[in-house]
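Quick notes on the structure that follows.
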Amino acid sequence: MAEPLPVTPLFTAEHIAKRVHVMAEEIAAAIQRQVMVVALLKGSFVFTADLIRALHHAGMHPEIDFLGLRSYGNATVSSRKVTITQDLSDEVAGRNVLLVDDILESGRTLSYARNLILARGAQSVHIAVLLEKPGKRAVSIDADFIGFSTPDQFVVGYGLDYANRYRELPYIGVLKQH
Ligand code: IMP
Ligand code: MG
């Protein structure tokens, strides 16, 4: 297997943990209802695992489901088409959904997910992302809750991948050579 490329740390594990707890408090204060967390796979699984435990501390008791979407393939350039790789297992009709993703860039992935969930009859959709790249939107969509804004560089770790690797890093960093 190829050796990992160097990664320059951007957000440490401690920094992320603190922010995730504050985000959970923000979410609990803003959405005073029962929510269904819909985690977009694969990138958001690490963030979601920490976020739901922080939501517990903030007094929430969410349902959890997963939606696998692919928009990137194995490259760092966003492609235009989003496809479902794994559908939801639960009914979203009538639910207040909190969509969770790792990063909001062009907005195509979250826009696709939001439209799908609304088309299936969700009562409301809020969006929480760990990272956001400002000025990169190709479609008009905003997140309700954002962990950090990040520079226009390719980042990996804490669930974010390059070619399905680097997700295991406990911190987020910039992949060299991108
Ligand atoms: P969007 O559809 O362009 O908003 O891209 C969102 C998806 O692209 C995310 O869910 C990530 O999987 C992936 N992505 C975008 N930027 C990065 C990055 O810097 N590192 C790793 N994955 C990224
Ligand atoms: Mg990805």
Side-chain angles (χ1 to χ4, degrees), residues 1-13 15-16 19-20 23 27 36-52 64-88 92 97-119 122 125-178:
M1 198 206 278
E3 283 302 306
L5 297 168
V7 177
T8 309
L10 200 55
F11 303 108
T12 64
H15 199 174
I16 295 167
R19 183 67 192 117
V20 169
M23 276 183 92
I27 290 167
M36 177 189 274
V37 167
V38 171
L40 297 189
L41 297 177
K42 301 175 193 168
S44 80
F45 79 103
V46 177
F47 173 44
T48 302
D50 285 341
L51 183 66
I52 59 170
I64 318 283
D65 202 0
F66 300 93
L67 176 63
L69 296 180
R70 187 195 305 273
S71 65
Y72 247 65
N74 276 347
T76 55
V77 181
S78 190
S79 66
R80 270 147 212 286
K81 212 169 168 283
V82 180
T83 54
I84 298 178
T85 57
Q86 182 184 315
D87 208 340
L88 295 162
V92 292
V97 171
L98 178 66
L99 255 178
V100 179
D101 204 3
D102 53 356
I103 184 164
L104 172 59
E105 190 173 2
S106 75
R108 287 191 192 96
T109 309
L110 274 163
S111 178
Y112 181 96
R114 186 179 60 181
N115 291 343
L116 181 79
I117 285 164
L118 285 173
V125 179
H126 287 84
I127 295 176
V129 292
L130 182 64
L131 302 175
E132 184 248 352
K133 287 186 188 171
K136 296 289 285 181
R137 229 65 86 233
V139 299
S140 166
I141 187 163
D142 286 314
D144 301 284
F145 310 98
I146 295 170
F148 304 103
S149 286
T150 184
D152 184 15
Q153 287 171 302
F154 198 80
V155 291
V156 295
Y158 196 69
L160 290 122
D161 73 304
Y162 171 65
N164 218 13
R165 297 175 66 205
Y166 303 94
R167 297 191 200 273
E168 74 283 4
L169 299 178
Y171 56 91
I172 293 168
V174 177
L175 189 64
K176 295 240 174 100
Q177 305 181 2
H178 284 279

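Numbering of ligands and ligand atoms starts at 1, following listing order. One is the number of the first residue; the rest follow in order along the sequence.
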Contacting atoms of ligand 1, where contact means under 4.0 angstrom from a heavy atom of Q153: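 This gives 19 (O) as the contact atoms.
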Ligand-side contact atoms (ligand 1) for residue partner D101, heavy atom cut-off under 4.0 Å: 10 (O)
K133 touching ligand 1 at heavy-atom level, < 4.0 angstrom: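 A heavy atom of K133 does come that close to ligand 1.
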For atom 1 (P) of ligand 1, the option (of S106, G157, S111) bearing the nearest heavy atom: S106
Shortest heavy-atom approach to atom 9 (C) of ligand 1 - which of V82, D102, L175, T109: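 Of the listed residues, D102 has the closest heavy atom.
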Any N or O of G107 closer than 3.5 Å to N or O of ligand 1: yes
Heteroatom proximity flag, V155 to ligand 1, N/O under 3.5 Å: yes
Heavy-atom pair of closest approach, residues F47 and Y158: CA-CE2, 3.7 Å
Ring centre gap for H15 and F148 strictly below 6.0 Å: yes
SB check D152 K136 (cutoff 4.0 Å):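 So D152 pairs with K136 through a salt bridge.
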Intermediate values then yes/no, side-chain contact (heavy atoms from CB on, under 4.5 Å), L160 and I172: CA-CA 8 Å; L160 290 122; I172 293 168; 4.3 Å; yes
Whether T85 side chain and G68 backbone form a donor-acceptor pair below 3.5 Å: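 Between the backbone of G68 and the side chain of T85 there is a qualifying donor-acceptor contact (under 3.5 Å).
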Structural part of L160 in contact with ligand 1, heavy atom criterion under 4.0 angstrom: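 Under 4.0 Å from ligand 1, L160 contributes side-chain atoms alone.
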From L118, I117, L116, residue fulfilling side chain to side chain contact (heavy atoms under 4.5 Å, CB included) relative to R114: L118
